*Asks:* 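My questions all concern the structure below.
Everything numeric here is computed off the predicted structure, so don't read it as measured data. Below, chain A is the first sequence line, B the second, and so on; all start at residue 1.
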Amino acid sequence: MVAARPIMRATRALIPTLKEAPADAVNASHALLLRGGYVRRVGAGIYEYLPLGLRVLRRVERVVREEMDRSGALEVLLPALLPADYFKETGRWDVYGDVLFRLRDRKGSDYHLGPTHEEIITDLVRREIRSYRDLPKNLYQVQVKFRDEPRPRGGLLRCREFLMKDAYSFDRDEAGAQASYDTMRAAYRRIFDRLGLTYRIVAADSGTIGGSTSAEFQVLADSGEDAIVACSACEYAANVEAATVQPSAPVATDAPAPTLAKVHTPGHGAIADVATFLGVAASQMLKSLVYSAKDGPSAGQTVLAVVRGDHEVNEVKLARAVGASEVFLATDAEVERATGSKVGFAGPVGFGGTVFVDPEAAAVASGVTGANEADHHLTGVVHGRDYTGTLVDLRLAAAGDPCPTCGAKLASYRGIEGGHIFILGTHYSAKMGARFLDDDGQEKPLVMGCYGIGVSRLVAAAIEQNHDADGILWPMAIAPYHVHVVSIGADAAVTTATETLVAELEARGIDVLWDDREERPGVKFKDADLIGIPLRVTLGAKALASGNVEVKPRTERDPKKAELVPLAGAADAIAARVRASLG
RNA sequence: CGGGGCGUAGCGCAGCCUGGUAGCGCACUCGGUUCGGGACCGAGGAGUCGGAGGUUCAAAUCCUCUCGCCCCGACCA
């Protein structure tokens, strides 16, 4: 329990609630943070935290700090304003592109605002750590970060200036790095548990940084940007981009081999369209998409990806198969050049370039696909007989697919990435010459890991996950106050009783917001629901006449179900409830 | 960066098509009546109509340029 600050009276606070949400607030969290008087927008992806918003932010920070400290990590504070030298050293000055906020000082030297701090921390460590005796080390900071996002959105969910906790671990070897990673993973579990969030730890695509081991902490919310699949039976969960798919066993068929035939399908290019027109199931179609590779062996050429008509192509997997860092759907002109036909009629039969085929597409016994000829499709297409191609898992995992670990069905969720942990290896330390002397007398590069938590994003994520039509439902651990005391009417007895109760709560370490405004009860209740403090304690002449106060959790929708608690022991009872929900 | 949309009082909007010098609701101030789920009556205060230029006797309104913001997509903690 954190020491309580003096109780806050609504009449002295700055909690400018709004009846109507600003028109540009689309997400629940965005609208409610604005309406509840938590934040105000200053520019695209730039926000002010008003007193209530700052309190929530600090609560999240506090949990994060406590668990980081407990895990043995050491807090530092690195600059947000950085000389360009470090990013130039690793090449990110060029690679990072427009996302980097760049500036010049009066002498004309290049600077930028830190979007992340691998280089800076690596520089610190290479200067200060010489020996294996100094290892392992895990340094973290809670710092404002800047990214000139192409499209800030969702209020606090994707900002250009945001608060992040980032930690970097330094070890002698891979085994040590793995141990540091495991420690962080455990710390993150405690953090997300304590924050009261429902989340999944998912396997992630490690992206271009080339991390070997990585996991995302996804806060489940329907409005989440990330699609994830999780097993209904075992622990398996993955970002759809990273999810592997177990090909289902091919169905044995006694049907005779079909004959290849060309059919006229004027104007029918889209899968659903062709399927309806020809009267076949989408699962019998061979969806054929033309891609171009950004780099790698196929750079500049187009390749064909074939998946079953009812499946989607996973571009991350395709890029890996192609050997490129990224693939792009070909432009119409490229498609026409590659297929010799207009868009909508591509197919693997007779395709002039490299073909990648998902096993489940290959398993289609009698496929229907584009004929690489305008307004024509082929039916009775058989893999191996009519076309070939590299067999490789290409499809995007979807709900209902078998779990790659245990075979049970996968369910799909939307998630907000609240944390990301991964092992970096020697990527940065090698480039920047961050070495130490090992006990065998050899100089070796440090093995690094990095671990991020989007602190300000979690504030929004918590709301996305915990709100109703009336407002926010804060988990106790991050609520701006534990208890919202609402006094009804100007009755002297009510005021006296409230003052006493509020003082007693404060003495018990409970953070209290007291709505002492001269407002009608309805206004106060509406604001209380909006603000979302987990426990509401109402003092009114009626209940007080029988010596009671009313206690109602924010989660209880029916005001009649408020619990009557004798005023005499109210402070203890309420404090006990707060402590219980803090775990 | 591609597509779409919006900038008029603190917030939500109307007015623009068909130019005549700005209005509604909420919020705010004052008075009164109310008082357990966003009260009512009356009286007020508050707007460079995003900015610049142009057309015109006259521009929120028409034209050009520009800045900002939002949504979808691409991209990402």
Side-chain angles (χ1 to χ4, degrees), chain A residues 16-27 30-31 34-35 37 40-46 96-100 114-117 143-166 204-205 207-209 214 216-219 224-226 239 241 294 315-316 326-329 331 415-422 450-461 470-471 486-491 494 515 517-530 536 538-545 550 552 557-560 562:
Chain A
T17 57
L18 266 21
K19 276 192 188 176
E20 292 172 291
D24 51 15
V26 177
N27 291 281
H30 191 189
L34 253 16
R35 286 193 54 209
R40 288 293 184 258
R41 194 184 67 82
V42 171
I46 307 173
Y96 232 91
D98 293 336
V99 177
L100 207 56
T116 175
H117 285 75
Q143 167 71 285
V144 177
K145 309 250 178 183
F146 300 87
R147 294 184 192 176
D148 194 358
E149 286 288 339
R151 182 144 97 81
R153 74 185 104 168
L156 258 34
L157 285 171
R158 177 168 300 283
C159 286
R160 294 197 294 173
E161 172 179 320
F162 56 98
L163 192 67
M164 187 168 165
K165 186 284 304 179
D166 55 332
D205 179 67
T208 46
I209 304 169
S214 109
E216 292 172 349
F217 284 67
Q218 290 277 358
V219 177
E225 289 182 318
D226 296 321
N239 193 306
E241 289 187 350
K294 182 183 182 183
E315 296 185 358
V316 174
E326 224 176 331
V327 291
F328 302 99
L329 210 48
T331 61
I416 297 163
E417 185 178 353
H420 198 160
I421 56 176
F422 52 103
C450 87
Y451 318 94
I453 288 182
V455 176
S456 50
R457 173 182 277 185
L458 282 181
V459 172
D470 295 320
V486 178
S487 51
I488 302 294
D491 198 282
V494 170
D515 191 347
R517 295 175 302 170
E518 288 179 24
E519 286 287 355
R520 300 161 63 84
V523 172
K524 295 189 172 197
F525 293 144
K526 286 289 183 190
D527 270 350
D529 287 346
L530 214 207
R536 190 180 84 194
T538 308
L539 288 94
K542 268 190 230 164
L544 217 50
E550 296 161 53
K552 187 187 83 67
R557 299 299 307 278
D558 186 356
K560 294 192 185 69

*Asks:* For B:C41 versus B:C6, give the span between their P atoms, rounded off to a whole number of Å.
*Replies:*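 Approximately 35 Å lies between the P atom of B:C41 and that of B:C6.
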
*Asks:* Examine B:G37: is either OP1 or OP2 under 4.0 Å from a nitrogen or oxygen in the side chain of A:K524? Give yes or no.
*Replies:*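 It does not, given that no N or O in the side chain of A:K524 lies less than 4.0 Å from OP1 or OP2 of B:G37.
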
*Asks:* Evaluate the criterion side chain to side chain contact (heavy atoms under 4.5 Å, CB included) for residue pair A:L458 and A:F217; output intermediate values, then yes/no.
*Replies:* CA-CA 11 Å; A:L458 282 181; A:F217 284 67; over 6 Å; no

*Asks:* Using whole Å, report how far CG of A:D148 lies from P of B:C69.
*Replies:*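 Between P of B:C69 and CG of A:D148: 10 Å.
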
*Asks:* Would you classify A:G522 as touching base, sugar-phosphate or nothing, given that sugar-phosphate means primed atoms plus P, OP1 and OP2, and contacts are heavy atoms under 4.0 Å?
*Replies:*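 Sugar-phosphate only.
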
*Asks:* Should B:G20 form a Watson-Crick or G-U wobble pair with both distances under 3.5 Å, which nucleotide is its partner?
*Replies:*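 Paired with B:C57.
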
*Asks:* Could a donor-acceptor pair under 3.5 angstrom be found where the side chain of A:R153 meets the base of B:G73?
*Replies:*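 Donor-acceptor pair under 3.5 Å: no.
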
*Asks:* Can you tell me the pairing partner of B:C26 across any strand shown, Watson-Crick or G-U wobble, with both distances under 3.5 angstrom?
*Replies:*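 Its partner is B:G10 (Watson-Crick or G-U wobble, both distances under 3.5 Å).
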
*Asks:* Rounded off to whole Å, could you give me the NZ-to-P distance for the A:K19 and B:A27 pair?
*Replies:*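 Answer to the nearest Å: 4 Å.
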
*Asks:* Just the rounded figure in Å: distance from P of B:C28 to CG of A:L18.
*Replies:*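 That distance rounds to 11 Å.
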
*Asks:* When you compare B:G50 with B:G32, how far apart are their P atoms, in angstrom units rounded to a whole number?
*Replies:*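 It works out to 40 Å between them.
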
*Asks:* Using a heavy-atom cut-off of 4.0 Å across all strands, would you classify A:A21 as base, sugar-phosphate, or nothing?
*Replies:*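 Sugar-phosphate contact only.
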
*Asks:* Counting C-beta onward and ignoring hydrogens, is there a side-chain heavy-atom pair between A:E417 and A:E225 closer than 4.5 Å?
*Replies:*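 The answer is no, as the side chains (C-beta and beyond) never meet within the 4.5 Å cut-off.
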
*Asks:* Classify A:E315 by what it touches in the nucleic acid, base, sugar-phosphate, or nothing, heavy-atom distance under 4.0 Å.
*Replies:*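 No contact at all - A:E315 keeps every heavy atom at 4.0 Å or more from the nucleic acid.
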
*Asks:* Within this structure, what is the CZ-to-C1' distance between A:R41 and B:C6, rounded to whole angstrom?
*Replies:*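 Distance check: A:R41 CZ to B:C6 C1' gives 12 Å.
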
*Asks:* Can you name the atoms? Protein N/O to nucleotides 1-3 of chain B N/O, anything below 3.5 Å, with the distance.
*Replies:*
none

*Asks:* Go through B:C69, B:C35, B:G37 for me and flag the one nearest to the A:R520 side chain.
*Replies:*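 When the side chain of A:R520 is considered, B:C35 is the closest of B:C69, B:C35, B:G37.
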
*Asks:* Could you tell me how far B:G44 sits from B:C49 if I compare only their P atoms? Round to whole Å.
*Replies:*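 Those two atoms are separated by 25 Å.
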
*Asks:* Output all residues satisfying side chain to side chain donor-acceptor pair (under 3.5 Å) with A:D470, sequence neighbours left out; order by chain, then residue number.
*Replies:*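 Partners of A:D470 under the side chain to side chain donor-acceptor pair (under 3.5 Å) test: A:R557.
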
*Asks:* When the P atoms of B:C40 and B:G2 are considered, how many whole Å apart are they?
*Replies:*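 Straight-line distance between the two P atoms is 49 Å.
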
*Asks:* Checking side chain to side chain contact (heavy atoms under 4.5 Å, CB included) for the pair A:R153/A:N27: CA distance, chi angles, key distance, verdict?
*Replies:* CA-CA 9 Å; A:R153 74 185 104 168; A:N27 291 281; 5.8 Å; no

*Asks:* Could you check how far CZ of A:R557 sits from P of B:G37, rounded to whole Å?
*Replies:*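 One finds 15 Å between P of B:G37 and CZ of A:R557, rounded.
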
*Asks:* Looking only at non-hydrogen atoms, find the nearest pair between A:E149 and A:C159 and report the distance.
*Replies:*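 Distance-wise, the nearest heavy atoms are CG-O, 3.7 Å.
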
*Asks:* In whole angstroms, how far is the P atom of B:C69 from the CG atom of A:L34?
*Replies:*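 The distance from CG of A:L34 to P of B:C69 comes to 15 Å, rounded to the nearest Å.
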
*Asks:* State, with a plain yes or no, whether a side-chain heavy atom of A:P559 is found less than 4.5 Å away from one of A:F525.
*Replies:*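 The answer is no; the side chains never approach within 4.5 Å.
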
*Asks:* Going by side chain to side chain contact (heavy atoms under 4.5 Å, CB included), A:V459 matches just one of A:L156, A:L163, A:L157. Which one?
*Replies:*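 Among A:L156, A:L163, A:L157, the one meeting side chain to side chain contact (heavy atoms under 4.5 Å, CB included) with A:V459 is A:L156.
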
*Asks:* With C1' as the reference atom in both, quote the distance from B:U66 to B:C72 in angstrom, rounded to an integer.
*Replies:*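 The same atom, C1', in both gives a distance of 25 Å.
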
*Asks:* Drop me the distance from A:E518's CD to A:S487's OG, to the nearest 0.5 angstrom.
*Replies:*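 These two atoms lie 10.0 Å from each other.
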
*Asks:* Under a 3.5 Å cut-off for both contacts, is B:A74 paired Watson-Crick or G-U wobble with anything, and if yes, with which nucleotide?
*Replies:*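 By the stated definition (distances under 3.5 Å), nothing pairs with B:A74.
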
*Asks:* Under a 4.5 Å cut-off applied to non-hydrogen side-chain atoms, are A:E519 and A:D527 in contact?
*Replies:*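 Contact flag for A:E519/A:D527 side chains = no.
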
*Asks:* Could you tell me whether the side chain of A:E20 has a donor or acceptor atom within less than 3.5 Å of a complementary atom in the base of B:G10?
*Replies:*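 There is none.
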
*Asks:* Rounded to the nearest Å, what distance is computed from the CD1 atom of residue A:I488 to the C1' atom of nucleotide B:A39?
*Replies:*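 Value for this atom pair: 15 Å.
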
*Asks:* For atom P, what is the distance between B:C17 and B:A60, given to the nearest Å?
*Replies:*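 My reading of the P atoms in B:C17 and B:A60 gives 12 Å.
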
*Asks:* What is the distance, to the nearest angstrom, from the CG atom on A:L530 to the P atom on B:C11?
*Replies:*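 Roughly 17 Å, once rounded to whole Å.
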
*Asks:* Over all strands shown, is A:V99 touching base, sugar-phosphate only, or nothing at heavy-atom distances under 4.0 angstrom?
*Replies:*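 No contact.
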
*Asks:* Can you tell me the Watson-Crick or wobble partner of B:U64, both distances under 3.5 angstrom?
*Replies:*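 WC or wobble partner is B:A52.
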
*Asks:* Assign each of A:L156 and A:A543 to its nearest nucleotide of RNA chain B by heavy atoms, then name whichever residue's nucleotide is nearer the 5' end.
*Replies:*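 Residue closer to the 5' terminus by nearest nucleotide: A:A543.
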
*Asks:* Does any nucleotide pair with B:A46 by Watson-Crick or G-U wobble geometry, both distances under 3.5 Å, and what is it?
*Replies:*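 The base-pairing partner of B:A46, which may sit in any strand shown, does not exist here.
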
*Asks:* Say we look at B:C67 and B:C26: how far apart would their C1' atoms be, to the nearest angstrom?
*Replies:*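 It comes out at 30 Å once rounded to the nearest Å.
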
*Asks:* What I want to check is whether an N or O donor and acceptor connect the side chain of A:R536 with the base of B:G37 at under 3.5 Å.
*Replies:*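 Check passes, donor-acceptor contact within cut-off.
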
*Asks:* Return the nearest nucleotide to the side chain of A:P22; candidates are B:G37, B:C35, B:C11.
*Replies:*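 Nearest to the side-chain atoms of A:P22, counting from C-beta on, is B:C11.
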
*Asks:* Considering Watson-Crick and G-U wobble pairs with both distances under 3.5 Å, what does B:C35 pair with?
*Replies:*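 Result: none.
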
*Asks:* Looking only at atom P, what distance separates B:C69 and B:A22, rounded to whole Å?
*Replies:*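 Here B:C69 and B:A22 have their P atoms 30 Å from each other.
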
*Asks:* Go nucleotide by nucleotide along RNA chain B from the 5' end; which of A:G540 and A:E225 gets its closest nucleotide reached first?
*Replies:*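 Between the two, 5'-proximity favours A:G540.
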
*Asks:* Please classify the nucleic acid contact of A:P559 as base, sugar-phosphate, or nothing, using heavy-atom distances under 4.0 Å.
*Replies:*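 Touches a base.
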
*Asks:* Can you see which heavy atom on A:R35 is nearest to which on A:L530, and at what distance?
*Replies:*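 Between these two residues, the closest heavy atoms are O-CD1, 3.3 Å.
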
